[in-house]
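Every heavy atom of this structure was used, including side-chain atoms; hydrogens, water molecules and symmetry mates were not. Just so it is clear: chains get the letters A, B, ... in the order the sequence lines come, proteins before strands, and each one is counted from 1.
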There are 2 protein chains.
Amino acid sequence: MDTIRAGHQEAGELTAADGLIQLSRLVQELHARTSERHDLTPVQAKLLCVLVLGPRGMAELAQGFGVERAALTGLVDRAERRGLVKRSPVPGDRRARHVMLTDAGRQAATAFHADATVELEHLLDPLAPRDRERFCNAMDEIINAGGHP
Amino acid sequence: MDTIRAGHQEAGELTAADGLIQLSRLVQELHARTSERHDLTPVQAKLLCVLVLGPRGMAELAQGFGVERAALTGLVDRAERRGLVKRSPVPGDRRARHVMLTDAGRQAATAFHADATVELEHLLDPLAPRDRERFCNAMDEIINAGGHP
DNA sequence: TATTGTTATACTCTATAACTATA
DNA sequence: TATAGTTATAGAGTATAACAATA
């Protein structure tokens with residue numbers, strides 16, 4: 001085992017790039033496993049979490065997800081078929097539709113989010129309180145820079 | 001803009017969970033964009049990076065990727081069709097095949113890896129040298145714990 | 001004309017199940 | 001029997017292009 005871990009050297013000797021890749025892998029795997037436990041695909045879980053904040057238009061969702069509008073149609077179709085979301089007309093613009101959670105969707109979203117949050121926090125358990133705080137501050141700096149130089 | 005950022009509050013006020021999710025999103029987006037620049041799918045780029053370390057069996061790769069053997073067959077089929085990898089017999093076991101890089105595949109792998117590494121390192125540019133070192137150490141701790149309590 | 005959303009089509013990635021060939 | 005790999009089939013997620021309805 002451990003045959004496949006690109007860039008792996010000794011424990012505690014990782015490149016910054018490798019560290020970021022492997023940390024991201026941990027987060028994605030955790031997200032995938034948690035979604036599966038809640039009988040959701042990872043993308044559906046993401047959709048539900050966004051819709052908890054309120055109804056959204058298709059174009060708005062597509063832009064936020066970084067996918068084409070056509071891809072979002074399929075995504076919402078499948079979520080709607082599973083009874084998680086519904087489409088409703090937008091007063092004042094007869095072209096547009098709002099996507100919103102059904103009751104079942106809201107329940108699923110809440111349960112998933114709570115579970116995922118707990119699991120993610122556990123990732124930081126190995127850090128001492130002080131280091132954990134520093135780590136979160138560093139993440140904030142990186143995220144707020146947002147890859148923009 | 002910024003309409004869709006679950007858990008977003010004020011700049012510099014993110015939950016640990018939200019921070020991990022958004023950092024992971026940055027890394028994944030960067031990986032996707034870099035793959036695209038090199039005319040690779042993200043999964044193909046990952047495959048090439050693993051194969052730089054040497055030939056691997058199908059079962060070995062499937063296990064390392066956390067996917068079924070059948071899924072890997074398709075993955076290698078497509079990479080082979082694009083001339084990136086090739087299959088070869090394994091001396092001593094006539095059931096097995098080794099997957100290895102072609103010359104084009106090795107070139108693509110090297111170019112991609114160099115590019116991705118640079119981009120990933122840039123993510124940490126906002127951190128002061130000392131903070132950057134602490135951040136990398138923290139990532140190491142998290143990864144070496146590996147989500148295992 | 002521009003925007004919102006959909007349909008049609010195709011490709012990648014993945015899983016499950018059934019199969020072949022070898023160990 | 002067990003293992004290595006493949007084929008067949010199905011579904012999710014995505015893109016592009018063409019379309020309808022409305023603004």
**Request:** State which of D:dG13, D:dA23, C:dA23 makes the closest approach to the side chain of A:V43.
**Result:**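 Given the options D:dG13, D:dA23, C:dA23, the side chain of A:V43 is closest to D:dG13.
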Please determine if a side-chain N or O atom of [X] lies less than 4.0 Å away from the OP1 or OP2 oxygen of [N].
X     : N      : answer
A:T73 : C:dG5  : no
A:R82 : D:dA12 : yes
A:T41 : D:dG13 : yes
B:R78 : C:dC13 : yes

**Request:** Ignoring hydrogens and angles, answer whether the base of C:dT3 and the side-chain atoms of A:R95 contain a donor-acceptor pair closer than 3.5 Å.
**Result:**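 Looking at the base of C:dT3, it does pair with a donor or acceptor on the side chain of A:R95 (distance under 3.5 Å).
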**Atom pair CD/OG1 of A:E80 and A:T73 - distance to nearest 0.5 Å** = 11.0 Å
**Request:** Working to the nearest 0.5 Å, report the span between CD of B:E29 and OG of A:S24.
**Result:**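 Taking CD in B:E29 and OG in A:S24, the distance rounds to 10.5 Å.
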**Complete:** Between B:R69 and A:A70, the residue closer to the 5' end of DNA chain D by nearest nucleotide is B:R69
**Fill in**
DNA chain D nearest-nucleotide lookup for A:E68 and A:G92: closer to the 5′ end is A:E68
**Item:** Value in whole Å for how far the P atom of D:dA12 lies from CG of A:L40
**Value:**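 These atoms are roughly 13 Å apart.
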**Request:** Decide if atom CD of B:Q107 counts as having more than 12 heavy atoms of other residues, nucleotides or ligands within a radius under 6.0 Å.
**Result:**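 Atom CD in B:Q107 is not packed in, count stays at 12 or less.
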**Request:** Answer yes or no: is there a donor N or O on one side and an acceptor on the other, between the side chain of A:T15 and the main chain of A:D18, under 3.5 Å?
**Result:**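 Checked: no pair found.
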